[in-house]
Amino acid sequence: MINGMSESTRYEPKTIEPRWQKYWQDLGLYRFQETSNKPVYSIDTPPPTVSGRLHIGHVFSYTHTEITSRYHRMTGHNVYYPFGYDDNGLPTEILTERETGVKAYQADRQKFREMCLETGKKYAELFSSLWQKLGFSCDFGAAYSTISRESQKISQWSFIDLFHKGFLERRNEPALWCTNCVTSFAQAEIDDVNKAGKYLHLPFNVPGMEPIVIATTRPELLAACACLFVHPDDKRFLAYHGKKAKVPFYDHEVPVLLDSKAQMDKGTGAVMCCTFGDTTDIAWWRQHKLPLREAISKIGKMTEITGPLAGLRVEAAKKEMEKVLTEKGLVLKTVDIPAETRVVNTHERCGTPVEFLVQPQWFVQVVKHKEKLIEMGRKIKWHPEFMRHRYENWVENLSWDWAISRQRSFGVPIPAWYTEDGEVYVPETTDLPVDPTLHKPKRSSKSGAPWIGDADVLDTWATSSVTPLLNARHGAENERPNFLPMSMRPQAHDIIRTWAFYTIAKSYFHFGEVPWKEIVVSGHVKKPGQQVEAAQMAGQEFAKKTKISKSKDGDTYAPEKMMERHPSDAIRLWSAAASIGLDVPFDENGMNDASKFLNKFWNASRFALMNLESFVPKFLNEKFESRNANDLQVLGRLKKIVKAYHENFQSYELHKAKIELDKFFWDVCDDYIELVKYRCLKEYTNSEDKSDAQNSLYRVIFGLLQLYAPYAPHITEEIYQMYFKQFEKAESIHLIDLPKTAELSTAENSAMEAWMNGGGKLSLAAVRRIKKDNAISYRTPLKVLTLVGKGPIKNENLKLFTADLAGFAFAEMVELKSAIAAGAQPQTGNKIFRLETDDLDIQVEVSEEAMVKKLN
RNA sequence: GGGCAGUUAGCUCAGCUGGUAGAGCAUCGCCCUUACAAGGCGGGGGUCAAAGGUUCGAUCCCUUUACUGCCCACCA
């Protein structure tokens, strides 16, 4: 019995995993070493948004980073792997509103902020506890929150720096507006939703002529109609150029103007321009200097100018207007637009259709820096490489500057004051953080007019886009020098247009530099679903991948539930099995498989260690080379695996590293351990041979342990602690550097060749086969085992493995011959069995007595 | 409409720089064998979406097509 090893054949993670988690915490194993002179590998961890609970998709992608961090820690790096949470801004406000039933705009500002802080705290604890249960090696002591004082300081510093550098301006112009959240928002926060709609064809009367007919989906905006547009080349409307038309129902006169953006083939060819129905309206409004007629208020109610619609919400107003117009006979025609062909922009946080409102807003000028931003993107190494296209695609299509003010209460305050006559005051960076709703500027305004503090807060992305600065403690006394650019940013592909883009933009504006050297983009976990008539008609079932929805799928994909059923190591291994950047369907079988693997790993290690009882290893740095070909081939193969492992981890392809490792592991179980165990037996007296066997076995098992350690930290630690620690000394397997890539020796190379292609592996299979085919029990001893190498299989190669093979086959004697004599007769009382193949002939002689014995 | 991926065994997916295909699950057969029956051993199952091209040779490279998914644009 090895130190404290249990009798159970089943691996019991329930008690083992928490034990080591606590051990690691107590040892402070994963703390970043501020003064170490090891090279730093820094990770710009995504702080999960405090907008609800985490689902299995988060676990999936965060696990990739976690495994990567362990890899780097085990290859001589001082790893900076912080834990953070994004708890400022709109998402947290919405969550707080949902949980408390209190709407932000109805509540006292300070009081609501405190409620949000509470929410943030609660979820931060949930997140942190989940990560710890998964065995994450974050430096939990270095946790940050984006509403923290430090984060506020840096976010405001960023604002001020952009302001002074001229990348930031305050403009009073239409911005994307959410009437539900009562705030402006950015282009990146638009979500497309397919929604059915309806064109109404409405007549605009023109004195002395036929009415000009337009098609609109937004009759509720008629009151805001500023003009009509027709295409200059559209012959149908030539007579109307420059005429005035009367808006139906409201009867105010609007001009008929020309613009080539009016599409002749759309609707009726004539279009009404309202302030504002869509982005084209905004362009027209600017270009043609149209009057502003606001029909929708901040909170989504119709304004006074809409007459009978005033006070109604947009949807209700649309219906009411259609009713009114229909009653008056003003609807000439209606055309339904199916959902498939109509796309509505909505606010991604709440699904409310976008409106446009003119309000003073701060904008970061991104549109005019597209080229530079693309250039920055190209300086960063993307994994997988094709994800860079998404970034470029997004930047190329940018049409709005980044609106960063939010008319909300919980967030980092915009550090600015204004006077009525247009003076702007931005504080000194030494005075941060400030809250203009509470504090006053240090000086009075030039005109003596009173300062008005900005009551808005920053977009949550405006704060989370400075996480590299936060990690570097930029501007603080204990600033981390040479910390930027960071080594790596991990994140999922859905936030390339937001988090990745904004972080790159800010880094460029502040320093003209990239924020990190590499970015690793992970995929999503999709839920498996059914699909399509065609497949069903063919009697097939299709797995269609669809997004996991927090609201609809409830607890099905809750990691906490998953962790009741599967060990953390199994969930980690399942996550690591996916190709980098690809979406994967959720498949709980994959976790079951991983659990089975853990059990196998447990048993294999346990068995190996039994064979190492009372053994003292020659240490790894000591020159050791076995004389046994089987040992040599397996150690040679281990070296090959190590090399591929490092290469794959360098390119973040941990799934590839794992595939090769798994294959090796199963081969070790199936072949190597089966063969080596006979040389480890107590009764085995050749001490040189035995020493070779045990030293090799030690190395193979320990090597496997190390290579699996980043993926499955708990089970590897358990096995390490139970046996290897006595020799390796380190407090944890996670403190030992992974084996380095090493050259294969000539002996190893030729042993591998002899094993793989020279007949070694084949002879093992042949023994299994002949026993099985002839119903000879596995344990039945053989009198004689005869092998004949044919074709490429040479007897001299087979000879290398005969000693081990004899043990495996329970053979008293193994002989190699050039041919098996036809009609060879067994000795009395024995039987002969023969199997011939193209590469190898095998013959065994067994005593009948032994066979019968076995049958009973 | 633009872009990016994918299409390989019943299912989920690997397949490195081109040399007539692999794993797990499922299925079938055998086996309590002194690590493991949530196991072991063995078998069946694929014209690698289609068509052309380059090549001595293509799942892999090039072109075209079809389908699937994602990102973006369009939103009167």
Side-chain angles (χ1 to χ4, degrees), chain A residues 9-11 190 192 194-195 197 199 214-218 221 228-229 261-263 266-274 277-281 284 337 341-345 353-354 384 386-399 493-494 496-497 523-524 526 528 531-532 534 539-547 577-579 581-585 587 589-590 592-611 644 647-648 653 655-656 658-660 662-663 666 669-670 673-674 677 681 765 768-769 771-773 775 777-780 810 854:
Chain A
T9 59
R10 292 208 51 77
Y11 176 56
I190 294 175
D192 290 345
N194 281 81
K195 207 171 170 184
Y199 280 130
I214 61 108
T216 183
T217 56
R218 306 209 56 182
L221 291 180
L228 299 185
F229 281 107
K261 279 202 285 293
Q263 295 172 39
K266 203 153 184 180
T268 62
V271 57
M272 79 167 172
C273 172
C274 306
D278 61 30
T279 51
T280 320
D281 288 344
W284 277 328
I337 319 169
T341 59
R342 179 160 177 266
V343 179
V344 179
N345 284 162
V354 170
F386 69 77
M387 285 295 177
R388 206 191 65 241
H389 292 285
R390 294 210 185 178
Y391 172 80
E392 292 190 6
N393 201 211
W394 171 255
V395 178
E396 278 160 9
N397 282 306
L398 275 174
S399 54
H493 57 61
D494 58 334
I496 288 176
R497 69 179 189 179
H524 284 154
K526 302 294 179 80
Q531 130 154 338
V532 220
Q540 299 168 328
E541 282 197 357
F542 253 80
K544 189 181 177 180
K545 297 163 190 166
T546 49
K547 262 188 189 167
S579 285
L582 296 188
D583 292 343
V584 298
D587 178 16
N589 285 331
N592 288 328
D593 294 347
S595 291
K596 284 185 196 170
F597 163 83
L598 290 174
N599 202 46
K600 180 83 179 174
F601 194 76
W602 176 249
N603 280 309
S605 309
R606 208 171 126 264
F607 178 62
L609 303 193
M610 274 158 63
N611 285 298
E647 284 166 3
N648 284 321
E653 295 183 286
H655 69 293
K656 278 194 190 170
K658 182 174 169 293
I659 287 167
E660 301 219 15
D662 285 347
K663 191 161 167 32
W666 289 105
C669 292
D670 296 343
I673 293 184
E674 292 288 1
K677 63 186 176 187
L681 291 174
R768 282 181 168 142
R769 176 116 226 185
K771 282 196 164 182
K772 184 182 163 69
D773 284 357
S777 158
Y778 167 79
R779 291 200 59 209
T780 302
F810 297 92
K854 212 38 229 175

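Just so it is clear: chains get the letters A, B, ... in the order the sequence lines come, proteins before strands, and each one is counted from 1. As a basis for the values below, the full set of heavy atoms in this structure was taken, side chains included, without hydrogen atoms, waters or symmetry mates. Keep in mind that this is a model prediction, so the values were computed, not measured.
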What interatomic distance, in whole Å, is found between P of B:A73 and the corresponding atom of B:A26?
-> 45 Å

Residue A:P585, side-chain heavy atoms: nucleotide from B:A76, B:U12, B:G24 that is nearest | B:U12

To the nearest angstrom, how far is A:H524 atom NE2 from B:C71 atom C1'?
-> 12 Å

So what does A:K677 hit on the nucleic acid, given a heavy-atom distance under 4.0 Å: a base, only sugar-phosphate, or nothing?
-> sugar-phosphate

Residue A:R342, side-chain atoms from C-beta onward, closest of B:G3, B:A14, B:A76 = B:A76

What nucleic acid atoms does A:Y199 come within less than 4.0 Å of, heavy atoms only: base, sugar-phosphate, or nothing?
-> sugar-phosphate

Is A:K656 touching bases, backbone alone, or none of the nucleic acid, heavy atoms closer than 4.0 Å?
-> sugar-phosphate

Could you check which of B:A76, B:A35, B:C36 has an atom nearest any side-chain atom of A:N599?
-> B:C36

Just checking A:A215: base, sugar-phosphate only, or nothing, at a heavy-atom cut-off of under 4.0 Å?
-> sugar-phosphate

Distance, C1' atom - from B:U47 to B:A21, rounded to whole angstrom | 13 Å

Distance, P atom - from B:C32 to B:A38, rounded to whole angstrom = 16 Å

Just call it for A:L582: base, sugar-phosphate, or nothing, with non-hydrogen atoms closer than 4.0 Å on any strand.
-> sugar-phosphate

Please determine, for B:G1, whether a Watson-Crick or G-U wobble partner exists with both distances under 3.5 Å, and give it or none.
-> B:C72

Nearest of B:C71, B:G42, B:C36 to any side-chain atom of A:R390?
-> B:C71

How would you label the contact of A:N345 with the nucleic acid (heavy atoms, under 4.0 Å): base, sugar-phosphate, or nothing?
-> base

Is there a Watson-Crick or G-U wobble partner for B:A38 with both distances under 3.5 Å, and which nucleotide is it?
-> none

Whole-angstrom distance between B:G10 and B:G44, as gauged at atom P | 15 Å

Looking for any heavy atom pair under 4.0 Å, which part of the strands does A:C274 touch: base, sugar-phosphate only, or nothing?
-> nothing

Of the candidates B:G2, B:A76, B:A14, the side chain of A:N393 sits closest to B:G2

Give one of base, sugar-phosphate or nothing for A:F597, where a contact means two heavy atoms less than 4.0 Å apart.
-> nothing

Rounded off to whole Å, could you give me the OH-to-P distance for the A:Y778 and B:G42 pair?
-> 13 Å

Taking the same atom, C1', in B:U68 and in B:A49, what whole-Å distance lies between them?
-> 11 Å

Among B:A35, B:C74, B:A14, find the nucleotide with the atom closest to the side chain of A:D192.
-> B:C74

Checking all strands, does A:R218 fall into the base, sugar-phosphate, or nothing category for heavy-atom contacts under 4.0 angstrom?
-> nothing

Identified side chain to side chain contact (heavy atoms under 4.5 Å, CB included) partner of A:T217 from the options A:V344, A:I337, A:D278 | A:I337

Counting heavy atoms from C-beta on, name the nucleotide in B:G40, B:A35, B:A5 closest to the side chain of A:N603.
-> B:A35

Check the surroundings of atom NZ in A:K261: do more than 12 heavy atoms from other residues, nucleotides or ligands lie under 6.0 Å from it?
-> yes

Which of the following nucleotides, B:C70, B:A76, B:A73, is nearest to the side chain of A:N397?
-> B:A73

Quick one: which of B:C4, B:A38, B:A73 gets closest to the side chain of A:H389?
-> B:C4

Output the single nucleotide from B:A73, B:A38, B:C41 whose closest atom is nearest the side chain of A:R768.
-> B:C41

Give one of base, sugar-phosphate or nothing for A:T279, where a contact means two heavy atoms less than 4.0 Å apart.
-> nothing

Look at all strands and tell whether A:Q263 reaches a base, only sugar-phosphate, or nothing, counting heavy atoms closer than 4.0 Å.
-> base

B:G10 - base-pair partner by Watson-Crick or wobble geometry, distances under 3.5 Å = B:C25

Counter-base of B:U55, judged by Watson-Crick or G-U geometry with both distances under 3.5 Å = none

Interatomic distance, CG@A:L598 vs CG@A:N603, rounded to 0.5 Å, equals 11.0 Å

Can you tell me the pairing partner of B:U20 across any strand shown, Watson-Crick or G-U wobble, with both distances under 3.5 angstrom?
-> none

Scanning all shown strands, the Watson-Crick or wobble mate of B:C32 with both distances under 3.5 Å is none

Identify whether any heavy atom of A:K772 sits under 4.0 Å from a base atom; if not, whether one sits that close to sugar-phosphate; answer base, sugar-phosphate or nothing.
-> base

Quick one: label A:E674 by what it contacts on the DNA or RNA (base, sugar-phosphate, nothing), any heavy atom closer than 4.0 Å.
-> base

On a whole-Å scale, what distance lies between the P atoms belonging to B:G43 and B:U7?
-> 28 Å

